[in-house]
Amino acid sequence: MSDIMDIKYAAAATFSSAKELYDAAGKVKEKGYSNWECFSPIPVHGLDAQMGYARSKVPRFTLAGGITGFFTGMLIVWFMNAYDYPLIVGGKPYFSPIYPFPVFYELTILFAAFGTLFGMFFLNRLPRHNHPVFEHPDFGLTGDDKFMIVIEVEDPMYDDEETASFLKEVGGQSVQIIREPID
Amino acid sequence: MSEVKEVEEHEILKKVDPAPWKDVPLVLNNRDYKWVTDKVCGIVESKTPTWWWWCFITALCIASFTGMGLVYLVSTGVGVWGNNNPVNWGWAIVNFVFWIGIGHAGTLISAVLCLLKQKWRTSINRASEAMTVFAVLCAGIFPLFHVGRVWFAWWLFPIPNANAIWPQFRSPLEWDVFAVSTYATVSILFWYMGMIPDMAVLRDRATETWRKYFYGFFAMGWRNANNHWRNFEMAYLLLAGLSTPLVLSVHTIVSFDFAVANLPGWHTTIFPPYFVAGAIFSGFGMVLTLLLPVRAVFGLRDLITQKHIDNMCMITLATGSIVGYAYAMEFFIAWYGANSYEGFAFINRAFGNYWWSYWIMVSCNVICPQLFWFKKIRQNTPLVWIISIFVNVGMWFERFVIANTTLSRDFLPSSWGYYSPTVVDIFTFFGTFGFFSVLFLLFLRFLPLMPMCEVKSVMPQADPHADH
């Protein structure tokens, strides 16, 4: 179908090394762009600071999961062995935070691990199986050996001509516009 | 900070020419990123090799032994196993502890070595984590069927049942339920999360539709964006931090199954650290057993280098020595504690009715790994592989010795007995190796064998400040 409509999503430039990406990211940040992203096959060391990202918020989810797990453990032991069906074993108290500690311990780790994984998914807004950036013909190579900087049209400073030439200036190879088809 | 004074260089330092630090690269032959991607993805993308089918069919046949053993057990009753008074645990607990122990090296490599910033772990961690998951699955079979009426096994979990009664949380066996199920779950989460970026690579390379859907589904739409990496790295570090106390606790709790009982030879405080060291020891034995053939078959010598083998051998040597020390210390404490029952239990271990199993254990676990002191031996891959098999055998016998010598000779000579496995015991255990191999072969065929993003991260090209 030749009459498929599309909308402009972003300007993209590829780079061939982590160093080039790192240096270019610093210049994009300096220039004052705000809606942009770096794509790389590896987590590039120091790129977060270069892009002005704050520390990841995943630990909050881990902590929340851990606390929930610990008290869930306590609650089930208290409810099951001391409240709902008090069970006398070896003349020990019905409930104590000591003897079933392994249960609390394991549930703390279990819930914290779930918190971490789902926290990561939530913060990354995943699962999301469709994204305009996938339209870039070389996107697959960002998992292989290519690096990419994408500046979105949404960015207040975006300008077709200027952004493209800026990306070339900072060392970008094969600068192109990503278009998102709509039907 | 202004108080920092310039340190005066000593005369002699000017004359000394420091020896150059030989930094062995983790990926040999100056490979680039593309090579790594093609190598790792190539394994799953290429046509299924013939040897794979032969191995897979053989493994399935072996696995059927477990199937047959279990069907016979369930249809007849748990009496078809050799365990009876006084040895009520028999092979079931031995096999359970053996397989759980195997799993520990995977978590050690993925979590503990991650926290210790051991970069060499990257090329072996995925396969080791897979080993962990599959070993825990094998381990789970034994307690599950040992409960006797397997259809009531769900009573182990705190789920309401018709008797209106709950599990008893003072029992180490109940702690075990929580420890092992948490361990299995967290190992799968960690394994899966580490695979997400690699699944995305396979998704983007896929040409066949089923691959696009399969890898696409599990990649969850991963985009290699730095924002993704930022949260991923943090989550990875946190899961490593959570898995470390978890892995230490799992074998500690497994050892509580024994140590909490008031039986000579079991009721000792050395059990938790001794079990954890033994688990790591056996797990590294299994990692070597699995990865040396994989390295040869897939031509991964540039990724799993001699340095990796050396390191794994040295960890095996270190943990094997810890285990040897623990054996000696048990004897010392049995003598020093001056408890006649304890003393008897240990004399009986080494020279009693199961003396042969004790000496198999000592030769495989204490003597064999000492060969790894020698560089020549560590460089002889077939020999390393053979020694790793001995480690596996030795660690199985360790659990056999612990469980059986104590139970077969308890306080009253009138209740003494001798335990021998039945053919059903042997079939069921033998088959688990097939089951494990089936899962591992499927893993090799369909999932990325190495974490490409992590391997690439430890290559020189990953440094954003280097000129090359």
Side-chain angles (χ1 to χ4, degrees), chain A residues 17-19 21-23 37-48 51 53 55-59 62 76-77 80-81 84-85 87 89-90 92 99-100 102-103 105-107 109-110 112-114 116-117 119-121 123-124 126-131 133-134 139-145, chain B residues 32-34 37 158 164-172 174-175 178-179 182 185-186 189-190 192-193 197 200-201 204-205 216-217 220-235 238-239 242-243 245-246 249 253 256 452-454 456-457 461-468:
Chain A
S17 77
K19 182 180 162 52
L21 177 82
Y22 181 86
D23 294 343
E37 183 57 279
C38 293
F39 296 83
S40 54
I42 51 160
V44 179
H45 188 71
L47 191 60
D48 294 348
M51 291 180 70
Y53 277 151
R55 194 180 136 89
S56 164
K57 290 192 177 65
V58 175
T62 311
I76 62 170
V77 173
M80 291 175 190
N81 279 183
D84 189 53
Y85 195 116
L87 204 58
V89 177
K92 303 280 177 3
Y99 70 77
V103 176
Y105 185 93
E106 299 301 333
L107 286 180
I109 292 177
L110 182 67
F114 273 111
T116 309
L117 182 74
M120 189 277 282
F121 276 136
L123 292 171
N124 283 345
L126 295 177
R128 177 178 175 183
H129 289 283
N130 193 354
H131 192 274
V133 77
F134 292 148
F139 173 77
L141 294 180
T142 60
D144 185 0
D145 62 350
Chain B
D32 59 5
Y33 279 7
K34 186 143 195 58
T37 319
I165 197 168
W166 298 104
Q168 198 269 97
F169 290 99
R170 293 162 190 82
S171 164
E174 185 62 21
W175 304 342
F178 278 82
T182 299
T185 315
V186 174
L189 290 187
F190 199 9
Y192 168 61
M193 200 190 77
V201 175
D204 295 336
R205 286 167 63 101
F217 175 79
M220 294 279 172
W222 178 266
R223 295 197 292 278
N224 307 318
N226 194 46
N227 187 36
H228 281 186
W229 283 121
R230 178 172 72 111
N231 293 319
F232 175 86
E233 274 202 299
M234 181 59 87
L238 286 165
L239 280 183
L242 289 168
S243 300
L246 175 64
S249 81
I253 292 173
F256 285 167
M452 288 176 270
C453 59
E454 290 182 55
K456 289 172 186 172
S457 306
Q461 292 94 315
D463 185 1
H465 308 295
D467 291 306
H468 51 84

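Protein chains get the first letters and strands the later ones, always in sequence-line order, with residue 1 at the start of each.
Contact of the C38(A) side chain with the W229(B) side chain is not registered, since no non-hydrogen atoms from C-beta on lie closer than 4.5 Å. Contact of the Y33(B) side chain with the P41(A) side chain is registered, since non-hydrogen atoms from C-beta on lie closer than 4.5 Å. Between T185(B) and L110(A), some side-chain heavy-atom pair lies under the 4.5 Å cut-off. In this structure the side chain of F139(A) reaches within 4.5 angstrom of the side chain of D204(B), judged on heavy atoms. Contact of the L238(B) side chain with the P59(A) side chain is registered, since non-hydrogen atoms from C-beta on lie closer than 4.5 Å. Taking the side chain as every heavy atom from C-beta outward, Q461(B) and S17(A) never approach each other to under 4.5 Å. Side chains of H228(B) and L126(A) form a contact here, defined as non-hydrogen atoms less than 4.5 Å apart.
Note: Y22(A) and H465(B) have perpendicular aromatic rings, judged against thresholds of 30 and 60 degrees for the angle between ring planes.
Contact check on D463(B) versus K19(A) returns no salt bridge, with no Lys/Arg side-chain nitrogen under 4.0 Å from an Asp/Glu carboxylate oxygen.
For chain B, the nearby part of V133(A) is the side chain; its heavy atoms alone come within less than 4.5 Å. In this structure, chain B has heavy atoms under 4.5 Å from both the backbone and the side chain of F114(A). The contact between H131(A) and chain B is made entirely by side chain atoms (from C-beta outward), counting heavy-atom distances below 4.5 Å. Looking at P172(B), neither its backbone nor its side chain comes within 4.5 Å of chain A, counting heavy atoms on both sides. Proximity to chain A (any heavy atom under 4.5 Å) is shown, for A200(B), by neither the backbone nor the side chain. For chain A, the nearby parts of Q168(B) are the backbone and the side chain; heavy atoms of each come within less than 4.5 Å. Only the side chain of T62(A) comes within less than 4.5 Å of a heavy atom in chain B; its backbone stays farther off. For chain A, the nearby part of Y192(B) is the side chain; its heavy atoms alone come within less than 4.5 Å. Neither the backbone nor the side chain of P197(B) comes within contact range of chain A; no heavy atoms are under 4.5 Å apart.
Considering only heavy-atom pairs separated by less than 4.5 Å from chain B, the leading option among V77(A), L107(A), L117(A) is V77(A). Contact count against chain B (heavy-atom pairs under 4.5 Å) is highest for V89(A) among V89(A), L21(A), D84(A), L87(A). Interface remark: of the candidates T142(A), L123(A), N81(A), N81(A) forms the most heavy-atom pairs closer than 4.5 Å to chain B. Across D23(A), D48(A), I76(A), the residue that shares the most heavy-atom pairs under 4.5 angstrom with chain B is D48(A).
The two residues W175(B) and Y99(A) have their closest heavy-atom pair at CZ2-O, 3.0 Å. Nearest heavy atom pair, residue A462(B) against residue I42(A), reads CB-CD1, 3.5 Å. What you find for H129(A) and M220(B) is that their closest heavy atoms are CE1-CA, 3.6 Å. Contact between P102(A) and I253(B) at its shortest, heavy atoms only, is CB-CD1, 3.6 Å. Contact record, G143(A) with K456(B): O-NZ, 3.0 Å, taken as the closest heavy-atom pair. Residues N124(A) and N227(B) share a closest heavy-atom pair of OD1-O, 3.4 Å.
The distance from the CZ atom of F121(A) to the CH2 atom of W222(B) is 9.0 Å, given to the nearest 0.5 Å.
Between the side chains of S249(B) and E106(A), at least one donor-acceptor pair of N or O atoms lies under 3.5 Å.
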